[in-house]
Amino acid sequence: MTSEKRVVVIGGGLAGLRLASRLGPAATVTVLGEETHVPYNRVLLAEVLAGRYAPEVTALPSPGPVLRRGVRAVRVDRAEQAVHCDDGTVAAYDTLVLATGSNAVLPPLRGLFEPDGRELPDGVHAFRTMDDCLALSAAVRPGARAVVIGGGLLGVSAARALAARGAVVVLAQQGERLMERQLDADASALLARHLTELGVEIHTECRVRGLTTTASARPASEARGSRGAAPAAGAAPGRRRVTGVELADGYRLEADVVVLACGVRPRTGLAQAAGLETRKGVVVDDELRTSDPRIHAIGDCAEHAGQVYGLAGAALEQADALAAVLTGGRAPYTGTRALTRLTLGGTGDDALDLAAFGETTPRPGDDVVALADGTRRTYRKVVLRGDRLVGGVLLGELSTVGALARTWEGGEPPHDLFHLLTDDGGH
């Protein structure tokens, strides 16, 4: 690839910007970023919501003039090799990279939308972007009743952050336990206990049926609460405001704020409209090529070998692999061995770190080694298949996670498993 080659990247998030930085002067790169904010690390949004970080702390390194902020790609013309944008401009490409990320899943709840409408009621928020985070921050006040729908990684992070802001939080999870994709039953129970101690009320095996709303007759600046306090920000005249969450068993939860943390879905609309192959995501091969060899896809929108990762680590690895492909390295991408790590911030007893990797639920015939310390609220478990480490989960004290993850990624037999599981195993 030469500097005359035009590479257009649709998406100004972690994957797109990493690729642009890796390509450097090897090509003429244009990144189309739909959001108007400076690029930010999405992983840190919960810390912003909790009030521990200012938004600017989450900023990614500036990509310089290659990034066009606030520009949305609306159509890819493959015959013309050009991207048409909402501001009327056209970006011609030799190589196009889709790094369009994912959208928050909006569940089919009764009362979420009006007939033929697509506006959420005031007080109802997704939790995916900086705009989502800032709107939710503006809507929360101490004592506000907040219901978080979804007990996965995003839901747990949002519930913890809202509790830190002084809200009265209820977390409704349809599955049997919290973070069931990453944690085993014991680790999930410890996480639930931690959140409960912080004041979060948890309902598992709980299906939400719908929302109740009322008309917002006056702007929030004019209306007053029952004790003279202003109601949650965001109410607008002539709009609906959420008042509660209805569960399938008929129980109703009062709510001033509702957070939809029901997962994410790859953004494949542009790819589909352009006639590219899509399944769960945009289908790519080991060189991260789509069904059009001039177009690649990376990050949350990409599906490789049937897998959509939706994790920052995978997005970065794919960006690095594609940069090598485009600059002649041709190193194939063989998949990412994903490590999930979450810090539920705070200090002292309010903090909890957790990490999970690989297969945390053993198969028949697997060996399991677990260490638990109820006093220190630590838990460590690894799953062995033959002489190979295939997964693990840790809560509380994570000094060993680096050594365990390296052993797992390398596929080598662990030489001293007990040492790896003890506090000094990572040093």
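The chain is numbered in sequence order, starting from 1.
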- Message: Run the side chain to side chain donor-acceptor pair (under 3.5 Å) test against Glu277 and tell me which residues pass, sequence neighbours left out.
- Response: Arg279
- Item | Side-chain heavy-atom pair Thr360, Val383 within 4.5 angstrom cut-off | no
- Apply side-chain contact (heavy atoms from CB on, under 4.5 Å) to Leu398 and list each qualifying residue two or more places apart in sequence or on a separate chain. Arg341, Asp353, Ala355, Leu394, Val401
- Does a donor on one side chain and an acceptor on the other come within less than 3.5 Å for Thr89 and Arg68? yes
- Under the salt bridge (Lys or Arg N to Asp or Glu O under 4.0 Å) test, which residues partner Asp366, sequence neighbours left out? Arg385
- Message: Using a 3.5 Å distance criterion without hydrogens, assess whether the side chain of Thr212 forms a donor-acceptor pair with backbone atoms of Gly244.
- Response: yes
- Do Arg42 and Asp300 sit within salt-bridge range, that is, some charged N less than 4.0 Å from a carboxylate O? no
- Message: Do Cys262 and Ile149 have side chains that approach each other closer than 4.5 Å (heavy atoms only, starting at C-beta)?
- Response: yes
- Check: Ala192 main-chain N/O paired with Arg177 side-chain donor or acceptor under 3.5 Å: no
- Task: Evaluate the side chain to side chain contact (heavy atoms under 4.5 Å, CB included) criterion for residues Val382 and Trp408: first the C-alpha distance (whole Å), next the side-chain angles of each, then the deciding distance (0.1 Å), finally the verdict.
- Result: CA-CA 10 Å; Val382 293; Trp408 166 64; over 6 Å; no
- Query: Under a 4.5 Å cut-off applied to non-hydrogen side-chain atoms, are Val76 and Ile10 in contact?
  - Reply: yes
- Partners meeting side chain to side chain donor-acceptor pair (under 3.5 Å) with Gln81 (sequence neighbours left out): Arg294
Can you list, pair by pair, the side-chain donor-acceptor contacts under 3.5 Å of residues 199-211, counting residues two or more places apart and other chains?
unit_1 : atom_1 : unit_2 : atom_2 : d
Glu201 : OE2    : His203 : NE2    : 2.6

- Go through the structure and list residues passing salt bridge (Lys or Arg N to Asp or Glu O under 4.0 Å) with Arg78, not counting sequence neighbours. Asp292
- Take Val57 and Glu47 through the test side chain to side chain contact (heavy atoms under 4.5 Å, CB included) and record every step on the way to the result. CA-CA 10 Å; Val57 174; Glu47 300 300 308; over 6 Å; no
- Is there a donor-acceptor pair under 3.5 Å between the side chain of Arg388 and the backbone N or O of Gly411? yes
- Query: Taking only residues two or more places apart in sequence, or in another chain, which ones meet Asp285 in a side chain to side chain donor-acceptor pair (under 3.5 Å)?
  - Reply: Arg289
- Check: Thr214 main-chain N/O paired with Thr243 side-chain donor or acceptor under 3.5 Å: no
- Message: Once ring-ring contact (aromatic ring centres under 6.0 Å, His included) is applied, what residue pairs with a partner in residues 278-330 remain, sequence neighbours excluded?
- Response: His304-Tyr333
- Task: With the side chain counted from C-beta on, respond yes when Pro293 and Glu287 share a heavy-atom pair under 4.5 Å apart, and no when they do not.
- Result: no
- Validation row: Thr340, Leu153 side chains within 4.5 angstrom (heavy atoms): yes
- Between the main-chain N or O of Leu112 and the side-chain N or O of Arg240, is there a donor-acceptor pair closer than 3.5 Å? yes
- Message: So does Lys5 get a backbone contact from the side chain of Asp94, meaning a donor-acceptor N/O pair under 3.5 Å?
- Response: no
- Item | Within 6.0 Å of CD in Glu176, more than 12 heavy atoms from elsewhere | no
- Message: The criterion is side-chain contact (heavy atoms from CB on, under 4.5 Å); which residues satisfy it with Asp184, sequence neighbours excluded?
- Response: Asp186, Ala187, Tyr379, Lys381, Val393
- Find out whether Asp320 and Arg22 are in side-chain contact, i.e. whether some heavy atom of one side chain is under 4.5 Å from a heavy atom of the other. yes
- Task: Name all residues meeting the salt bridge (Lys or Arg N to Asp or Glu O under 4.0 Å) criterion together with Arg75; count only those two or more places apart in sequence or in a different chain, and write none if there are none.
- Result: Asp77
- Item | Contacts of type side chain to side chain donor-acceptor pair (under 3.5 Å), residue Arg267, not counting sequence neighbours | Glu34
- I would like to know whether Leu253 and Leu247 meet side chain to side chain contact (heavy atoms under 4.5 Å, CB included); could you show each step before the answer? CA-CA 8 Å; Leu253 300 168; Leu247 306 182; 4.2 Å; yes
- Message: I need the full list of ring-ring contact (aromatic ring centres under 6.0 Å, His included) pairs touching residues 76-115, with sequence neighbours left out, sorted by first then second residue.
- Response: none
- Message: Do Ser21 and Pro61 make a side-chain contact, defined as non-hydrogen atoms from C-beta onward lying under 4.5 Å apart?
- Response: no
- Item | Non-hydrogen side-chain atoms of Leu178 and Leu171 separated by less than 4.5 Å | yes
